[in-house]
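Predicted, not measured: the structure shown is a model, and the values here were computed from it.
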Amino acid sequence: MSSNGKKRKRPKPYETQFPVELFLNSLPSSKVDFCRLIAVVSIAAAVAVACNFVATSFSQPPKPFCDTTSDPDGSPFDYCEPCPENGECYDGKLKCIDGYRKHVNLCVRDGDVDKAAMKLSKWVEVRLCEAYAQLLCSGTGKCWVSKDELFNELDNYNLGDNHRVDESIYAPAKQRAIQNIHSLLETKRDDYGIEEFKCPELLVNHYKPLSCVVQQWLIKHALLSMLTFLSLVGCIFIANRAYQRHHLSVRAEHLYHEVCDILEEKPLESRRVNGECEPWIVASWLRDHLLSPKERKDPLLWRKVEELIQEDSRIDQYPKLLKGESKVVWEWQVEGSLGSSEKRKKTDGNTPELKKSMNSCSTLHRRVHAG
């Protein structure tokens with residue numbers, strides 16, 4: 001082997017260390033600059049990862065839906081999306097059932113169908129409850145309605161122009177209305193297995209007319225109503241009798257004072273005319289003079305006055321024969337005035353004229369001759 005082959009050319013020191021020195025020289029010399037470099041590199045790495053994830057997501061085709069008929073436990077969900085509730089999936093495609101609409105990968109309730117279903121179920125409620133209320137009040141309504149009859153009435157109701165439901169949503173709205181009716185009304189099956197509906201007892205009371213409610217309450221509480229009515233009539237009767245007695249007593253006392261005033265003035269009038277006038281007065285004439293025609297029909301009033309006159313010791317009453325007929329006369333027995341007459345003159349302005357007409361001698365003579 002030649003000497004040239006044995007000798008290898010050794011690299012120069014500056015040739016092997018130059019790249020390392022260049023890299024070290026490119027690093028930041030201060031701690032602050034080094035931290036800034038780390039932050040920039042971290043942000044750049046995060047942006048790169050995010051961009052890669054977004055690009056991968058958009059570039060990947062969406063998963064198909066698993067068929068509804070497939071077994072959920074054995075379905076490879078890594079390769080297909082499970083079919084959502086209220087949806088039907090075939091060949092990887094989702095179709096929502098009636099009454100629901102697709103929203104992203106879900107089937108949500110259709111608002112228009114809900115409104116139509118509420119409208120139909122409310123009509124069924126009113127229809128059944130009014131019929132049952134009529135049966136309870138007058139006996140001409142209907143209690144139980146079969147499902148077939150109810151469906152026919154719903155179809156006829158939808159044919160009306162004022163409350164027609166869109167044909168595209170009528171079928172799901174009708175189905176949902178039936179579901180609402182099941183939870184609202186009472187149900188049973190007849191002897192043939194046909195389902196029937198009835199308005200609940202608590203709900204039917206809201207559909208009864210006020211007159212029917214009052215009538216049923218009176219029938220249910222007949223004894224209490226009769227006792228209440230009799231008590232009310234009795235109270236009114238007692239109050240009326242008490243008022244009449246009070247009014248009779250007040251009026252009799254007022255007439256008694258007027259009689260006393262007239263009798264007290266009678267002797268004074270007789271002395272002024274030198275005894276030409278009698279000091280007495282016929283009780284029946286005084287009665288006819290003081291009482292109105294309506295008051296004369298009530299004998300109890302004048303009887304009360306006579307009782308007060310009999311209890312008065314100042315007044316003497318005795319029978320007297322006038323033109324062959326016996327009359328009861330009253331006469332004042334106390335000499336002079338006791339002051340009661342002057343007091344009543346102030347309270348009753350009609351008394352002076354009344355006494356003047358009764359104490360007139362000409363009036364008395366006319367009555368005696370006429371009697």
Worksheet item: Under the 6.0 Å and 45° cation-pi test, does K95 pair with Y90?
Response: no

Worksheet item: Just checking, is any N or O donor in the side chain of Y207 or Q134 under 3.5 Å from an acceptor N or O on the other one?
Response: no

Practice prompt. Considering non-hydrogen atoms only, spot the tightest contact between C83 and C66 and give its length.
Written response: CB-O, 3.7 Å

Item to complete: Inspect the contact between R303 and E306 and indicate whether a charged nitrogen and a carboxylate oxygen are less than 4.0 angstrom apart.
Response: no

Worksheet, complete the sentence: Heavy-atom closest pair (Q333 atom, D316 atom, distance to 0.1 Å) is NE2-CB, 3.1 Å

Fill in: Joint cluster assignment, I262 & W332, ILVMFWY side-chain distance < 4.5 Å
yes

Worksheet item: Pairs in or reaching into residues 132-143: which pass salt bridge (Lys or Arg N to Asp or Glu O under 4.0 Å), with residues at least two apart or in two chains?
Response: K142-E149

Worksheet item: If you measure from CG on L120 to CG on N180, what distance do you get to the nearest 0.5 Å?
Response: 9.5 Å

Discussion item. Could you work out, with salt bridge (Lys or Arg N to Asp or Glu O under 4.0 Å) as the rule, every residue matching R251, not counting sequence neighbours?
Written reply: E295

Worksheet item: Please walk me through it: do L203 and E125 pass side chain to side chain contact (heavy atoms under 4.5 Å, CB included)?
Response: CA-CA 9 Å; L203 188 59; E125 174 190 334; 3.8 Å; yes

Worksheet item: Quick one: do E186 and K188 make a salt bridge, cutoff under 4.0 Å?
Response: no

Practice prompt. Report the distance from atom SG of C260 to atom CH2 of W330, rounding to the nearest 0.5 Å.
Written response: 9.5 Å

Practice prompt. I would like to know whether H221 and W217 meet ring pair (Phe, Tyr, Trp, His ring centres under 6.0 Å); could you show each step before the answer?
Written response: CA-CA 6 Å; H221 305 84; W217 189 92; 4.5 Å; yes

Fill in: Qualifying residues under salt bridge (Lys or Arg N to Asp or Glu O under 4.0 Å), relative to E130, sequence neighbours excluded
none

